[in-house]
Amino acid sequence: RRQAADPASVAPSARAGLDRLELAPMAPNGRPATMERLESLKDDFGTSKRSLKVQLSCVDNVGSLYELLQMMLPDKEPFFQKWIMALADPSVCVTCLDDVRRLDPVDITTLPVPPLVKGVFREVLAQEDTRKKEQQLVLSETTRRAKAFLSQQ
C-alpha cells in the first residue's frame, strides 16, 4: 500500500501539484467509491443529485438582429444593413430576434443572407432548443419530487 508523501519531503517542483491533488471519495466501508457508488450514496442520504445552473448565452444579451450580428460577426458590420433589409422584405418578413426564434430550421436555408448569417440563426435555434430541453428536465424533476413527497404524506 502506498503512503501519501509528506509535503515537506517532496521536491519543490513536485510539491506544486500536491495542493491540487484530490483524493478519491471513500465509501462507508473505507474503500474508494466509484462515481456510481457516490451517486447512490447521495440518494441513500437524501441529498441532491445535481443542481442546474442558469447559463446566459450571447443571444440573451441582445435585443435586435443588428446587435446579434454585431456580437457574432463583428468583422462583417459593413454588410449588416443590406442583410437586415433583405430579411425585412415582405416575402421573408424576419425583422426581429423573435422572428428568428420562430423559424423552422429547414427555412433557414432559403433565407436571402450569406451562410455565415444562416449559421448564426442556426445557433440561435440550437440555444432555444437547449433551453427548452433544460426547462423540460427541470419540470420533470419537479414533478418527480412532488410525487415522491406526496406519496410520503
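Counting from 1, the numbers follow the sequence of the chain as shown.
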Q) For Lys118, does the NZ atom sit with more than 12 other heavy atoms under 6.0 Å from it, leaving out its own atoms? A) yes
Q: Kindly indicate whether the side chain of Thr130, heavy atoms from C-beta on, has any atom under 4.5 Å from the side chain of Gln127.
A: no
Q) Is it true that Glu134 and Arg131 have a side-chain N and a carboxylate O under 4.0 angstrom from each other? A) no
Q | Close side-chain approach of Arg122 to Thr109, heavy-atom, < 4.5 Å | A | yes
Exercise answer: donor-acceptor pairs, residues 88-99 side-chain atoms, under 3.5 Å, sequence neighbours excluded:
residue, atom, partner, partner atom, Å
Asp89, OD2, Ser91, N, 3.3
Asp89, OD2, Ser91, OG, 2.4
Thr95, OG1, Asp99, OD2, 3.0
Asp98, OD1, Arg101, NH1, 3.1
Asp99, OD1, Arg102, NH2, 2.4
Asp99, OD2, Thr95, N, 2.9
Asp99, OD2, Cys96, N, 3.3

Q: Hey, can you tell me if Trp83 and Phe79 have their rings parallel, tilted or perpendicular (30° and 60° cut-offs)?
A: parallel
Identify all side-chain donor-acceptor contacts of residues 64-73 below 3.5 Å with residues at least two apart in sequence or on another chain.
residue, atom, partner, partner atom, Å
Ser64, OG, Glu67, N, 3.2
Tyr66, OH, Glu77, OE2, 2.6
Glu67, OE1, Gly63, N, 2.7
Gln70, NE2, Glu77, OE2, 3.4

